[in-house]
Protein chains: 2
Amino acid sequence: MLRGMVRSPDTRQRLIDSARELIYSRSYADVGVAAICEHAGVRKGSFYHFFPSKQELTLAVLDASFLEIKQQLLDRAFVPDRPPLARLERFLDLAWRFQKQMKEATGHMPGCPFGNLGAELSTRDETIRRKVDAVFSSLRTGMRDLLAEAVQAGDLEPVDIDATAAAMLAYVEGVLLTAKTRNDPDVFKQLAPAMLGIRIPPQAENA
Amino acid sequence: MLRGMVRSPDTRQRLIDSARELIYSRSYADVGVAAICEHAGVRKGSFYHFFPSKQELTLAVLDASFLEIKQQLLDRAFVPDRPPLARLERFLDLAWRFQKQMKEATGHMPGCPFGNLGAELSTRDETIRRKVDAVFSSLRTGMRDLLAEAVQAGDLEPVDIDATAAAMLAYVEGVLLTAKTRNDPDVFKQLAPAMLGIRIPPQAENA
DNA sequence: AGCATAGTTGACTGGTCGGTCCAGTCAAGC
DNA sequence: GCTTGACTGGACCGACCAGTCAACTATGCT
């Protein structure tokens with residue numbers, strides 16, 4: 001009776017998902033390969049059949065996290081059913097809901113999956129650092145496009161959209177880290193909206 | 001001549017200093033007790049004479065780091081020889097110089113010693129999380145006082161000084177993390193000045 | 001049927017982890 | 001000079017680390 005594909009249909013994906021969840025809620029160093037395998041219901045040998053190292057798995061985790069964030073957060077928040085800046089507000093609201101929900105479920109604020117890895121590993125693993133950088137770069141591009149649209153629509157005065165996108169993203173990262181360190185989702189709720197007011201003027205400085 | 005206290009004058013302090021340097025430039029998990037001892041020229045047994053655990057040493061490291069930041073950064077930047085907001089600019093400039101100097105010396109951007117530990121350990125060690133939170137709280141207070149002075153002097157419109165101080169600090173943390181992940185001090189230089197424009201209005205929301 | 005191969009298993013390795021233990025050392029107080 | 005107690009040295013501990021390996025199983029292809 002519907003035997004089919006007995007041999008674990010998606011061992012590789014289960015490993016990625018387990019690692020993503022565990023590393024996100026703890027840290028890279030605190031989660032061993034053995035713990036990831038146990039959570040995924042997979043034996044050590046199978047792990048190394050699919051991934052040559054913990055580092056390589058982590059790169060795959062970063063891809064998976066980016067996909068998740070894009071689909072669950074960005075694509076939802078950025079639906080063009082309202083003005084660009086209102087979409088940014090929706091983005092912050094969705095992000096806050098998620099952080100709050102994680103706090104309720106686990107007792108901890110997880111922060112940003114990319115910021116966490118960047119903070120922990122940037123000085124120690126150049127490959128992972130570059131990957132995190134690439135993810136942030138993609139996020140910045142999305143933000144930049146939104147700001148360009150806002151400028152075009154006249155909802156935003158002309159700014160250096162690249163720098164302003166980077167600044168807004170940095171601010172969100174900082175707020176996430178602050179909320180995580182205080183272990184309080186309301187910190188995010190209180191501080192995040194100020195992101196919308198951040199501006200970096202075009203070219204050199206002026207007023 | 002001037003014998004006194006032959007028995008290692010400051011073994012404890014050397015351990016703290018070594019741990020501070022190593023953990024700051026790598027991470028908590030990447031630096032073992034053995035490495036700290038070796039760097040300090042101290043044997044394992046002595047370590048555990050002065051500190052009951054690596055965690056306790058880390059708490060002492062946080063105190064030492066805070067003292068260092070206060071003396072080398074805050075106390076220098078906040079000298080009241082100019083208007084409050086100009087002191088904030090000087091703070092950013094000093095912070096940038098330090099990050100740049102570390103990059104040149106080690107090849108890496110270290111980021112913020114508190115933010116790093118907060119990101120890595122907040123979900124895993126409640127005691128350290130609280131300590132990091134306390135440090136941030138002190139920093140916020142310093143920033144808050146400066147903003148209060150700026151408002152009083154008429155250099156800044158009335159804002160929610162507590163929330164605005166928190167937002168500015170969060171922004172600096174985010175910029176430091178961004179610069180660390182990109183491994184480029186110029187990111188800090190470009191983005192940091194926007195901190196001065198961050199505002200959170202008093203009480204409820206308005207415009 | 002037979003073979004190739006993707007996938008699985010669990011025992012195993014060398015090394016490192018944080019932490020323990022205790023005999024020894026030295027300076028100060030009596 | 002003897003005792004006390006802070007401090008030191010270093011051997012040692014069990015647990016865990018990332019990673020290896022050879023034997024095994026099931027599936028798909030011919």
If every non-hydrogen atom of B/M168 is compared with every non-hydrogen atom of B/L196, which pair is closest and at what distance?
-> CE-O, 4.1 Å
Taking all atoms of both residues into account, what is the closest heavy-atom pair of B/A167 and B/I200, and its distance?
-> CB-CD1, 3.8 Å
What parts of residues 29-43 of chain A reach DNA chain D, counting only heavy atoms under 4.0 Å away?
-> A/V31, A/G32, A/V33
Contacts of type salt bridge (charged side-chain N to carboxylate O under 4.0 Å, His left out), residue A/D30, not counting sequence neighbours = B/R124
Side chain of A/F50 (C-beta onward), nearest among D/dT20, D/dT8, C/dG7 | C/dG7
For residues 40-56 of chain A, the side-chain hydrogen bond (donor to acceptor under 3.5 Å, both in side chains) pairs (sequence neighbours left out) are A/Q55-A/D125
Here the distance between atom C1' of D/dC7 and atom CG of B/D10, to the nearest Å, is 14 Å
Kindly give the heavy-atom pair with the smallest separation between B/V61 and B/I16, and that separation in Å.
-> CG2-O, 3.8 Å
Here the side-chain hydrogen bond (donor to acceptor under 3.5 Å, both in side chains) pairs for residues 128-138 of chain B, sequence neighbours left out, are B/D63-B/K131, B/E126-B/R129, B/E126-B/R130
Let me know the distance between NE2 of A/H49 and P of D/dT20, rounded to the nearest Å.
-> 15 Å
Rounded to whole angstrom units, what separation is found between the CZ atom of B/R14 and the P atom of D/dC7?
-> 13 Å
Would you give the length of the straight line joining atom CG of B/L74 to atom CE of B/M143, rounded to the nearest 0.5 angstrom?
-> 8.5 Å
Residues forming a salt bridge (charged side-chain N to carboxylate O under 4.0 Å, His left out) with A/R90, sequence neighbours excluded | A/D81
Pairs meeting criterion side-chain hydrogen bond (donor to acceptor under 3.5 Å, both in side chains) with involvement of residues 67-78 of chain A, two or more places apart | A/K70-A/D75, A/Q72-A/R76
Heavy atom of residues 51-63 of chain B under 4.0 Å from DNA chain C: which residues?
-> B/S53, B/K54
How would you list all residue pairs meeting side-chain hydrogen bond (donor to acceptor under 3.5 Å, both in side chains) that involve residues 170-184 of chain B, not counting sequence neighbours?
-> B/N116-B/K180
Residues in contact with DNA chain C, drawn from residues 120-130 of chain B - heavy-atom cutoff 4.0 Å | none
Non-neighbouring partners of B/D145 that pass side-chain hydrogen bond (donor to acceptor under 3.5 Å, both in side chains), sequence neighbours left out | none
Can you tell me how far P of C/dG19 sits from OH of B/Y48, to the nearest Å?
-> 4 Å
Give me, pair by pair, the N or O atoms of the protein and of nucleotides 12-16 of chain D that are less than 3.5 Å apart, along with how far apart they are.
none

Applying side-chain hydrogen bond (donor to acceptor under 3.5 Å, both in side chains) to A/R87 and not counting sequence neighbours gives A/E149
To the nearest angstrom, how far is A/R12 atom CZ from C/dA6 atom P?
-> 15 Å
State whether a side-chain donor-acceptor pair under 3.5 Å links B/Q190 with B/D186.
-> no
Rounded to whole Å, CG of A/L15 lies from P of C/dA6 at a distance of 18 Å
